[in-house]
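Letters A, B, ... are given to chains in the order of the sequence lines, protein chains preceding strands, and every chain is numbered from 1. Small disclaimer: the values here were computed from a predicted structure and weren't measured.
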Number of protein chains: 2
Amino acid sequence: MSRIGLTKDIILQSAMEIVDNIGAENLTLKVLADKLGVRSPSLYNHFNSLSDLLTALMLYGWKQLEYRVMQAAIGKSKDDAIKSMCAAYLNFTLEHLGLFNIMQSYNQHISQETIAATSGLIETIRQVLSAYNLSEKYEVHTIRVFRSFLQGYVYLVQHDSFGNSVSIRDSFNVGVGILLKGLKENENIKLGK
Amino acid sequence: MSRIGLTKDIILQSAMEIVDNIGAENLTLKVLADKLGVRSPSLYNHFNSLSDLLTALMLYGWKQLEYRVMQAAIGKSKDDAIKSMCAAYLNFTLEHLGLFNIMQSYNQHISQETIAATSGLIETIRQVLSAYNLSEKYEVHTIRVFRSFLQGYVYLVQHDSFGNSVSIRDSFNVGVGILLKGLKENENIKLGK
DNA sequence: ATATTTTATCTAATCAGATTAGTTTTGTCA
DNA sequence: TGACAAAACTAATCTGATTAGATAAAATAT
């Protein structure tokens, strides 16, 4: 019998497909091993535990999201850049519902690694925001508010919490619009509280 | 040996304490049964399964949150009411981190019951918003944007995703302020898109 | 009051999934 | 080629949810 030649990346890719297809709650070592054509204990050659694997999967997700959002900002500035980044965020997360779920639930304990995985993203956001000349504190506030909105919006969409026929994209754009307006309020206030 | 006399409510109360104290991921039937002075199979007299229990716990959480937020709106209107409600939301969720976690993760499948559990809350919000004379669509957009912000903000706080010294309450208030401003933009526009 | 029914609880057993121990096989490199 | 490290396997263990069946307390009916 010839060796399959697993690597962390192959495993993570497979795990991502599973969670996106059948949901995060149905990812078990057995299911994953079956898909890879291997017995479940073999996975322990690549990860120390299921929780280890999920953590890696979470970071894998953040890195991909980071990439997509950074791409979206290329060649754009100010409102255009922000709108484009927000749209990229929404698109990615809607394509990867299961993965996004894992990204949510598995950064409980972790800090160092999550921060590392998203530092490029945060840096990009900061660069885009620098065009608005926000005070230091307001920049922090702004990033937090945007992140909260994005995070919450996707979460609620994912959980079908908007039991209504009004377009998901429309509300999203209205939300981004409101935030952008708020951003202008604080533009050039160098000494904001 | 005398019977303990468990009820769903007693069990849920206990479960809430557990998740708030030691985290949602550590709630097992064994831990819960131990706390209640009973063997774990006994819990099956009150719930059909762990997942059943978690669903009930989730609804229990939403009902409590609903109560707190509705309380906060009493005797207030417009911006005051909204600020107060948002603050109540933040306070409740920060007091009940574990419970909030369950509230998040266990409304995947459910719909009818979750909707029932939060209908009073939504109704209250609608009443407060009615003072702004929003168009029908904008009312929906607005509610969605507020919910998203709240949901996301608490989530990020809970997961220590704001790795920064700037005050959690300040950013929250800035966020609410921005949303309220956005709300005014659309006030009295009866034929909004 | 007593008999009957219901049901909360128990113990013992089963099942599924993660994990560990120990073995075999394969690939690599001196 | 031979030796070593790594990848995979089988078999066994452990934990936690769940089921089956028994017991006894409480509730209800006679």
In whole Å, I'd like the distance from the [atom1] atom of [X] to the [atom2] atom of [N].
X	N	atom1	atom2	value
Asn45(A)	dA21(C)	CG	P	14 Å
Phe47(B)	dA8(C)	CZ	C1'	14 Å
Asn26(A)	dG17(C)	CG	P	10 Å
Asp34(A)	dG17(C)	CG	P	10 Å

[Y] side chain reached by [X] side chain, heavy atoms, under 4.5 Å:
X	Y	answer
Leu36(B)	Ile4(B)	no
Val157(A)	Thr93(A)	no
Met16(A)	Ile102(A)	no

Applying ring-ring contact (aromatic ring centres under 6.0 Å, His included), can you list everything that pairs with Phe149(A), at least two apart in sequence or on another chain?
Tyr153(A), Phe172(A)
By ring-ring contact (aromatic ring centres under 6.0 Å, His included) - contacts of His46(B) (at least two apart):
none
Can you name the side-chain contact (heavy atoms from CB on, under 4.5 Å) partners of Asp52(B), sequence neighbours left out?
Phe47(B), Asn48(B), Ser49(B)
Which residues, ordered by chain and number, are linked to Val140(A) in its hydrophobic cluster, where ILVMFWY side chains connect at heavy-atom gaps below 4.5 Å, directly or through other members?
Val166(B)
Residues in residues 6-17 of chain A with a heavy atom under 4.0 Å of DNA chain C, by number, are none
Closer than 4.0 Å, any side-chain N/O of Arg3(B) to the OP1 or OP2 of dA24(D)?
no
Any side-chain N or O of His46(A) under 4.0 Å from OP1/OP2 of dA6(D)?
no
N/O contacts under 3.5 Å, protein versus nucleotides 17-19 of chain D?
| unit_1 | atom_1 | unit_2 | atom_2 | d |
| --- | --- | --- | --- | --- |
| dA17(D) | OP1 | Leu29(B) | N | 3.2 |
| dA17(D) | OP2 | Leu29(B) | N | 3.3 |
| dT18(D) | OP2 | Tyr44(B) | OH | 2.7 |
| dT18(D) | OP2 | Leu50(B) | N | 2.8 |
| dT18(D) | O5' | Tyr44(B) | OH | 3.0 |

Test the Lys184(A)-Tyr132(A) pair against the cation-pi criterion, namely NZ or CZ under 6.0 angstrom from the six-membered ring centroid and within 45° of the ring axis.
no
Compare the minimum distances between each of dC9(D), dA7(D), dC10(C) and the side chain of Ser42(A), then state the nucleotide with the smallest one.
dC9(D)
